Amino acid sequence: QAIVWDEYLTGPFGLIAQYSLLKEHEVEKMFTLKPGRLPQADVKNVIFFVRPRLELMDIITDNLLREDRGRSPQRDFHILFVPRRSLLCEQWLKEQGVLGSFIHREQYSLDLIPFDGDLLSMESESAFKECYLESDQTSLYHAAKGLMTLQALYGTIPQIFGKGECARHVANMMIRMKREFPGSQNSIFPVFDTLLLLDRNVDLLTPLATQLTYEGLIDEIYGIQNTYVKLPPEKFAPKKQGEGGKDLPTEPKKLQLNSAEELYAEIRDKNFNAVGSVLSKKAKIISAAFEERHHAKTVGEIKQFVSQLPHMQAARSSLANHTSIAELIKDITTSEDFFDNLTVEQEFMSGIDTDKVNNYIEDCIAQKHPLIKILRLVCLQSVCNSGLKQKVLDHYKREILQTYGYEHILTLNNLEKAGLLKPQTSGRNNYPTIRKTLRLWMDDVNEQNPNDISYVYSGYAPLSVRLAQLLARPGWRSIEEVLKMLPGPHFEERQQLPTGLQKKRQHGENRVTLVFFLGGVTYAEIAALRFLSQMEDGGTEYVIATTKLINGTSWIKSLMEKLEPAPF
Amino acid sequence: MSRARADEEEYWHSSKFRAFTFDDEDDELSQLKESKRAVNSLRDIVDDDDDDDLERVSWSGEPVGSISWSIKEAASSSTSSLDGQDSSIQKGSSSYAAFPKQVSSYSLSSLFKGKVPYFYMLCLSFSALSDTGVKNYAPELRRPKAEYKDYSSDWSPRDTVRRMQRGKVCSLERFRSLQDKLVLLDEAVVGHDGNVITAVLIFLKRTLRREILFRELEMRQVALSHLIHFLKETGEQKFLLDLLRRLCCFSLSLQLSQYREHLNIQDVEKRREFLKGCIGLPFSAEDTSHIQDHYTLLERQIIIEANDRHLESSGQSEIFRKYPRKASILNMPLVTTLFYSCFYHYTEAEGTFSSPSNLKKTFKIPDKQYVLTALAARAKLRAWDDVDALFTTKNWLGYTKKKAPIGFHRVVEILQRNSAPVQVLQEYVRLVEDVETRLNLATKYKCHDVVIETYRDLKDRIQLTAYKCKVERGSADEEKINSILNNMVTPTFS
């Protein structure tokens with residue numbers, strides 16, 4: 001068998017099935033999907049693993065039409081849609097006259113992919129766009145299905161809370177699915193006490209701000225794809241004596257980032273300003289450990305030292321990697337532009353001068369900074385002002401269109417539709433009330449030894465996580481007024497458990513809440529939730545699920561109109 | 001290994017012949033294809049007859065998906081044997097039962113220590129490649145018997161939608177009355193599964209008159225946006241435009257979706273024509289003016305491009321010889337066009353289309369933007385006189401004065417980026433009003449004169465003395481510092 005991969009899928013699949021596993025199942029060749037003739041391979045079956053996208057269908061059509069008909073033995077073709085079969089795509093293939101070439105057309109329901117010990121993602125890139133721009137709630141349907149699966153494995157979740165339109169939909173679908181499969185009542189002791197469904201559009205602000213945790217910054221600057229990050233190679237040149245570092249590697253350095261790496265688990269969620277000291281402390285410990293060898297006298301001591309060596313060496317290379325990454329990031333965070341950008345963001349979030357045209361943004365437009373950066377800032381200002389004054393909005397729009405091209409009117413329109421960029425309609429700015437009630441801005445933030453989640457943005461406490469925190473204690477009833485100001489309904493549902501499965505809580509035992517972010521979550525929000533999990537008197541542990549791991553840039557990008565014509 | 005192989009076989013081959021018979025019915029060509037496929041399928045059965053998958057063959061032994069099967073399907077009554085199904089249910093449920101046990105052996109504490117194995121169980125369950133019987137597990141939980149009434153013909157709209165959500169084949173042809181069709185559509189919308197909604201819409205689109213379809217969709221916004229998306233994806237522009245026209249007062253974004261179409265037009269002339277057509281669409285006032293500008297700009301670019309290409313190729317114009325154009329100006333943003341015009345056509349009179357002042361006037365470009373762009377263009381050409389003229393204003397008495405709408409610190413930055421010589425640079429550094437900024441810039445760009453003069457004006461001996469080490473030994477600058485220091489009265493600190 002040979003597998004032809006939609007390149008996008010290789011990332012998520014890499015997390016659950018290594019090549020060796022596939023090989024065991026007699027996958028002999030793997031190709032990436034690209035137009036032209038399929039590579040030669042002596043295999044009977046060719047399987048396409050693709051997302052249901054029309055542009056991909058065109059490539060497949062091209063592949064098939066160029067297939068040598070006279071070749072024997074003929075190859076059999078199969079197609080697997082991930083995560084769903086799509087009638088639209090099949091219709092398309094049919095119109096191209098190749099649908100009949102497939103012996104199987106199947107779907108591979110990959111709903112939630114594990115990313116880490118406490119993190120699941122559907123990796124559905126366009127979920128937010130589909131829900132809010134195209135009124136296409138298919139991704140919500142998948143989310144609900146994923147949650148049903150999760151409940152089948154980890155027990156029915158007795159309490160469901162939610163905020164936002166999409167959250168309401170998902171909860172409704174879950175209840176419906178449960179009703180339609182009466183057999184789904186299972187006898188597993190529930191792992192989760194509470195499910196919290198949060199709509200991204202309840203908190204549009206958080207992803208727009210620059211994340212300031214270590215992991216968040218890596219993502220902002222280099223982009224983490226399916227736990228992997230590609231870094232510029234210069235800093236990772238092997239420093240061996242004698243070689244003098246003449247030939248620098250030119251391939252980007254690819255590193256996997258997850259909590260399996262001890263050091264990374266420790267620093268990933270820290271504010272970047274607190275990472276340096278940890279790294280230098282670690283460096284001291286490791287070099288001290290290596291020094292031990294001089295004190296090892298007896299054979300027994302030497303043996304013990306040697307047995308620790310592999311672990312120490314792993315720790316050392318991990319330390320070297322992260323020191324290099326930290327240096328790379330530091331180069332950027334200490335730059336003037338990063339500082340200016342952050343200053344403006346923080347002004348907006350703390351409510352300063354949100355109602356007039358901002359000089360820095362104007363300057364950035366004049367200097368033709370990347371459009372996404374501009375859009376992030378303008379949207380941030382709009383959200384922090386409950387919409388911009390018409391005059392201000394028009395001014396920004398005109399400047400953007402004149403500088404970056406009129407066709408971006410489509411993107412601006414998308415942002416407006418998503419509520420990210422809008423005129424202030426009611427004439428009232430609710431943000432200050434929300435900010436004060438939910439304590440979204442903390443002036444005295446402690447980055448080194450944080451006592452509040454606001455450390456992840458050096459002052460701003462992510463609204464979404466604040467909602468989760470307040471739900472656990474003292475409950476949402478205390479913030480009823482503010483909840484009404486945020487878009488969409490808030491609700492509570494209970495799923496009845498058989499008496500035998502009802503939990504009798506031990507004293508001091510933590511509750512477990514699954515927080516599902518519909519429309520994406522940032523690394524900084526994850527960090528904030530992990531921080532809450534670790535709080536000594538927190539009483540709640542969090543597991544996080546989402547449709548997609550996002551940052552401001554990838555999020556805005558998903559909302560932008562694709563302006564280049566398709567490759568075909 | 002052999003077991004693994006068997007698993008694999010089961011995975012790939014299960015439900016092999018569940019053909020997609022959605023709207024093949026009245027289409028001869030597709031029927032041909034269908035039969036061809038059926039023949040292919042038959043061949044396959046012969047190939048691997050050791051495989052006795054339940055779902056593959058229907059009661060009568062016909063391979064599901066062949067034409068004869070479809071006929072039978074249509075003819076079969078609602079009652080059908082469930083015998084074949086029970087074993088499958090058991091087969092299914094036994095494999096489900098295996099999971100919870102494994103999972104529950106993990107204690108809670110081990111689950112949340114952030115260890116990777118925590119969700120490993122979950123991955124296995126998602127990874128159909130690695131286990132038998134899991135294939136159908138994830139979405140469907142447990143199969144109700146009702147699902148096996150595959151061949152009954154009187155499902156309610158609701159059941160139909162539910163079946164389709166599970167990827168089953170359903171014939172929608174039975175829904176004949178408008179009423180039925182609309183109920184079906186509403187059910188699909190309630191289900192939130194875009195795949196199904198689209199399927200129903202394709203059916204409605206084929207079986208309903210346009211006027212009726214549009215009228216009903218107008219009241220069903222969710223379905224409407226699915227249809228629009230579908231039409232966009234499949235490129236049925238005519239149908240889409242028809243839809244847009246009839247619902248013209250419906251929504252702004254629809255007009256924009258037509259405007260978007262211009263991006264797919266490669267030929268500039270056609271693109272221009274298309275944009276011209278867009279101006280008439282009922283946009284908001286603000287958007288109309290942008291689109292009008294877009295049209296005017298492209299029109300202008302076409303003229304400039306034709307003219308300049310001629311000039312460049314004939315080799316008559318010095319500027320084009322000296323700085324050949326890197327790319328065509330077509331489809332560039334306004335500010336880029338302005339830059340281009342400041343670069344190649346700076347001195348032209350306002351009457352010509354390509355002159356900067358004409359662009360400025362036509363598009364009402366704000367002063368700030370104009371000055372910035374002109375400055376960058378002229379600085380790039382090292383035309384310092386033009387730069388000077390840009391900021392010089394004469395008052396009515398004939399005195400000249402320097403003025404910059406963007407602030408001189410910005411001017412300095414732009415000049416510096418275009419590697420202006422220190423003499424030019426310091427002239428503008430001197431004009432920066434804020435003392436601190438001026439000192440910073442002057443120090444940064446080594447405009448010694450300005451630094452020295454500023455400290456002199458501030459009467460800051462200490463800083464001035466300190467600055468001495470920054471200038472070259474024995475240079476005119478050092479002399480200047482010395483002479484100032486000598487002449488300066490020692491300030492008295494209180």
Side-chain angles (χ1 to χ4, degrees), chain A residues 16-17 21 24-26 54 78 84-88 90 92 100 103-105 107-111 114 117-118 120 134-138 140-141 145 148-149 152-154 169 173 181 183-184 186 188-189 191 259-260 265 366 394 401-407 409-410 413 417 541 561 563 565, chain B residues 4-5 8 12 16 20 22 30 33 36-37 40 44 99-100 103-104 108 111-112 114-116 118-119 122-123 125-130 138-139 141-142 144 162 167 192-195 198-199 202 221-222 225-226 229-230 233-234 253 256 260 263-264 286-287 290 293-294 333-335 369 372:
Chain A
I16 53 173
L21 179 69
E24 266 175 48
H25 290 273
E26 303 192 346
L54 286 187
H78 314 268
R84 281 300 304 279
R85 268 171 88 159
S86 138
L87 293 169
L88 185 57
E90 295 191 356
W92 191 254
I103 294 185
H104 293 128
R105 298 186 305 275
Q107 63 184 20
Y108 182 74
S109 313
L110 188 72
D111 288 329
D118 56 355
L120 291 161
E134 289 155 8
S135 321
D136 177 352
Q137 292 166 338
T138 311
L140 300 183
Y141 174 74
K145 274 198 341 193
M148 294 313 277
T149 312
L153 292 168
Y154 296 106
H169 283 314
M173 276 187 267
F181 299 101
S184 65
N186 59 36
I188 303 161
F189 198 77
V191 169
S259 290
D394 289 347
L401 295 178
Q402 291 189 340
T403 308
Y404 296 91
Y406 289 106
E407 59 275 17
I409 197 170
L410 296 162
N413 191 264
K417 217 165 152 189
E541 288 182 34
E561 202 72 33
L563 295 176
Chain B
R5 171 153 202 175
E8 193 94 7
W12 296 123
K16 168 187 292 182
F20 172 64
F22 172 58
S30 67
K33 276 187 210 132
K36 189 176 152 211
R37 193 163 64 225
N40 283 341
D44 244 67
F99 275 91
V103 173
S104 55
L108 187 60
L111 287 177
F112 294 99
K115 298 244 163 66
V116 180
Y118 168 34
F119 274 114
L122 200 55
C123 353
S125 79
F126 286 120
S127 160
L129 292 170
S130 54
L141 300 171
R142 193 163 298 168
R162 231 183 281 167
H192 295 292
D193 184 345
N195 201 20
T198 308
I202 296 172
Q221 297 287 317
V222 174
S225 47
H226 274 272
H229 187 65
F230 169 77
E233 287 277 306
T234 52
S253 62
L256 281 170
R260 189 188 193 293
L263 292 166
N264 297 327
E286 187 70 17
D287 287 346
H290 289 316
D293 279 356
H294 190 173
L334 175 61
V335 170
Q369 188 131 43
L372 269 172

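Side-chain atoms are counted along with the backbone in the values below, which use heavy atoms only and exclude waters and symmetry mates. A, B, ... follow the sequence lines: proteins, then strands. Residue 1 opens every chain. Bear in mind that the values here come from a model prediction, so they are computed numbers and not experimental data.
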Name the option with the most non-hydrogen atom pairs under 4.5 Å to chain A; the candidates are B/Glu286, B/Gln369, B/His294.
B/His294
Which value, rounded to the nearest 0.5 Å, describes the distance between B/His290 atom NE2 and A/Glu407 atom CD?
13.0 Å
Can A/Leu410 and B/Leu263 be said to form a side chain to side chain contact (heavy atoms under 4.5 Å, CB included), step by step?
CA-CA 11 Å; A/Leu410 296 162; B/Leu263 292 166; 4.0 Å; yes
Which atom pair, heavy atoms only, marks the closest approach of B/Pro333 to A/Gly405?
CB-N, 3.5 Å
